[in-house]
Amino acid sequence: MFSYQFSETHEMIRQTSREFAQSEIAPSAIERDEHSQFPKEIVKKMGELGFMGMMVSPKYGGSGLDAVSYVIAMEEISKVDASCGVIMSVNNSLVCWGLETFGTPEQKEKYLKPLATGEKLGAFCLSEPEAGSDATHQHTSAKQDGDHWVIDGMKNWITNGTSADIYLVFAQTDREKRHKGITCFIVERTSPGFEPGKKEDKLGIRSSDTCSIALSGVRVHQDDILGGIGTGFKIAMESLNGGRIGIAAQALGIAQGAFERAVAYSKERVAFGKPISELQAIQFKLADMSVKTEAARLLTLKAAVLKDNHENYVKEAAMAKLSASKAAVEVALEAIQVHGGYGYVREYQVERMLRDAKITEIYEGTSEIQHIVISRELLKNM
Ligand code: CAA
C-alpha cells in the first residue's frame, strides 16, 4: 500500500540539500561541464554532509536515513548539476547498498565505512564492451589461485571510473553456470593490473567521470569476495533496483530544474507587449512540463516508500526510472523552446540539462530494459 507524508526530517534534508546545491554546486556547474572537471572538492563536502552514505547505518559511518530522504537530496542536487547527482547515486545505491546488504562485518568495517563517510569513492563495474543490456554475458573472468582469485577482462562505462578508490567488479567464475557463475569482487584501485582508461568525452554529465577499466591478472584475496561465489548477478540486479530509484530522482531533478528555469524566464521575457508567461502557447507548455515532472515525482516516491517499507519495489523502481528519464528529456527540450534562442546557449543552462537528461534513458538499464523488467513483473504477479 502506498501512502506518504514528508516528515520534519525530510523537510530538513530538502532544505539542507537545496542550500548546499545552490551555494556550493550551482556556481561552478557551467565551467565544470565545459572543461569536464570532476568535482573533487564538492564530493568531499557531500561526504561531510552525509550525502555519500545516506541510507547506510550510522554504525558504518552513514546517515541512517530512508530512501525518501535519498530521493529528496538527489533531486535537489541534480536540479543544479546532474553530474554531482550520478556520482552520489552510484556511491550510495550501487556500492554502499551492496556492501551493507551482502558484506561481512570485516568488509563493512574496511570498505563501507570510508565510502559512507565520503572519505573514499566507489564504482560499480558490471558493463563490458559486449555486455551492456545483456549483462549476464560477462566476459571478464576470475580464476582461483590458492586463497586468491585472478581477474582478467575489460569493463566499460564506469561512472567514477578514474576517481574511485573501491570498485565492485563482476566476473565469471564458472562460465557453465551462466549468470549463476558470476561473482562480485571488491577491488582497490591500487591493485596491480587494475588500469582505468582515459575519461570518455561525453554529450552530457560531463563533470562526472566515465571510463573503461582494463584488468590484467588482478589478484584479489578470497576475503574480498562480496556475498559468496556465484551470487554476483543477484547482487548486481538487486543493487540496480535501488540504483534505478536514484537515477529516477536524478532525472526528476533535471526535469524540475529545467521547469523552474522555464517558468522564471517566461515571467521575465517580454514579447508582443507582455511577459511570455501570459501567452497561452507558453502556458500550455508549462502545464505539460509540470504534469510530466509531478507524475515522475510520484512514481519515484512510490518506489522509495515501497523500499522503505521492505516491500517489493522492482517494478515501481523500473517504472520510476522509465517515466522520470522520459520526463527529463522532454521537459528539458521544452525548456529550451520556452527560452527561444537563449535556450540554445550555455549561459541559460537548459541546453546542459537536455544533454544531461539523455543518459538517464540509458544507464542503469536502458528504457528498453525497464520495459522488460516492468512487463515481466506485471505478468508474474497478475
Ligand atoms: N531484480 C532482481 N533479480 C532480477 C532482476 C531484477 N530487476 N532482473 C533479473 N533478475 C534475475 C532473474 O530473476 C534471474 O534470476 P534466477 O535465474 O535466479 O531466477 C536472473 O536475474 C537472470 O535473469 P533472466 O534469466 O531473466 O536473464 P535475461 O538475460 O533474460 O534478462 C536482464 C536479464 C533483466 C536483461 C538483465 O541483464 C538486466 O537488467 N540488464 C540491464 C543491465 C543494467 O542495468 N546495466 C546497467 C549497468 S550499471 C551502470 O549503468 C552503472 C553506472 O556506472 C551508472
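Both backbone and side-chain heavy atoms feed into the values below; hydrogens, waters and symmetry mates do not. Residues: numbered from 1 along the sequence shown. Ligands are counted one by one from 1 in listed order, and the atoms in each one are counted from 1 as well.
When heavy-atom distances to ligand 1 are checked against a 4.0 Å cut-off, H179 comes that close only through its side chain, counted from C-beta outward. When non-hydrogen atoms are compared, ligand 1 lies under 4.0 Å from the backbone of W157 (N, CA, C, O) but not from its side chain. Proximity of L94 to ligand 1, defined as any heavy-atom pair under 4.0 Å, is confined to the side chain (atoms from C-beta onward). Heavy atoms of T159 found under 4.0 angstrom from ligand 1 belong to the backbone as well as the side chain. The proximity of T210 to ligand 1, defined as any non-hydrogen pair under 4.0 Å, does not occur for either the backbone or the side chain. Neither the backbone nor the side chain of K234 has a heavy atom within less than 4.0 Å of ligand 1.
A donor-acceptor pair shorter than 3.5 Å can be found between the side chains of S93 and Y70.
Under 4.0 Å is where a charged nitrogen must lie from a carboxylate oxygen, and between K292 and E334 no such pair does. With respect to the salt-bridge test (charged N to carboxylate O, under 4.0 angstrom), the residues K45 and E41 do not qualify. Taking the charged nitrogens against the carboxylate oxygens, E109 and K113 do have a contact shorter than 4.0 Å, which makes a salt bridge. Salt-bridge annotation for K234 and E238: present, with a side-chain N of the basic residue lying under 4.0 Å from a carboxylate O of the acidic one.
The environment of Q37 atom CD is dense: over 12 non-hydrogen atoms of other residues, nucleotides or ligands sit within 6.0 angstrom.
Listed by chain and number, the hydrophobic cluster partners of I369 are V314, I372, V373, where partners are ILVMFWY side chains within reach of under 4.5 Å, directly or through others.
Using a 30° and 60° split on the angle between ring planes, H221 and H148 fall in the perpendicular class, above 60°. Aromatic ring pairs are classed by plane angle as parallel below 30°, tilted from 30° to 60° and perpendicular above 60°; the pair F185 and W149 is tilted. Between Y342 and Y265, the ring planes are tilted. Angles from 30° to 60° get that label.
Under the 4.0 Å distance rule, the nearest protein heavy atom to atom 1 (N) of ligand 1 falls inside the cut-off. There is no protein heavy atom closer than 4.0 angstrom to atom 32 (C) of ligand 1. Proximity of atom 41 (C) of ligand 1 to the protein is indicated by at least one non-hydrogen atom lying closer than 4.0 angstrom.
Side-chain atoms of D81 do not come within 3.5 Å of backbone N or O of A29 as any donor-acceptor pair. The backbone N or O of K202 lies less than 3.5 Å from a partner atom in the side chain of R206, making a donor-acceptor pair. For Q138 (side chain) and L126 (main-chain N/O), a donor-acceptor pair under 3.5 Å exists by modelled atom type. Put simply, the side chain of R32 never gets that close to the backbone of S208: no donor and acceptor are under 3.5 Å apart.
Of the protein's non-hydrogen atoms, M237 CG, 4.4 Å is the one closest to atom 11 (C) of ligand 1. Counting only heavy atoms of the protein, atom 50 (O) of ligand 1 lies nearest to E364 N, 2.9 Å. Ranking protein heavy atoms by distance to atom 19 (O) of ligand 1, first place goes to K180 NZ, 4.7 Å. Regarding atom 47 (C) of ligand 1, its nearest protein heavy-atom neighbour is S127 OG, 3.3 Å. In terms of protein heavy atoms, atom 7 (N) of ligand 1 is closest to N241 OD1, 2.9 Å. Protein heavy atom closest to atom 23 (O) of ligand 1, with residue, atom name and distance, is F233 CE2, 4.4 Å.
The G132 neighbourhood of ligand 1 comprises atoms 42 (C), with distances under 4.0 Å to a heavy atom of that residue. Within the listing of ligand 1, atoms 35 (C), 39 (O), 41 (C) sit less than 4.0 angstrom from a heavy atom of I369. Under a 4.0 Å criterion applied to the non-hydrogen atoms of V314, ligand 1 contributes the atoms 7 (N).
At least one N/O-N/O distance between R376 and ligand 1 falls below 3.5 Å. Considering backbone and side-chain atoms together, S133 places an N or O closer than 3.5 Å to an N or O of ligand 1. Considering backbone and side-chain N/O of I158, none are found under 3.5 Å from N/O of ligand 1.
At least one heavy atom of R244 sits less than 4.0 Å from an atom of ligand 1. Using a 4.0 angstrom heavy-atom cutoff, T136 counts as in contact with ligand 1. Distances from ligand 1 to the non-hydrogen atoms of A318 include no value under 4.0 Å. Using 4.0 Å as the threshold, R178 has a heavy atom nearer than that to some atom of ligand 1.
Nearest approach of E364 to Q370, heavy atoms of both residues: O-NE2, 3.3 Å.
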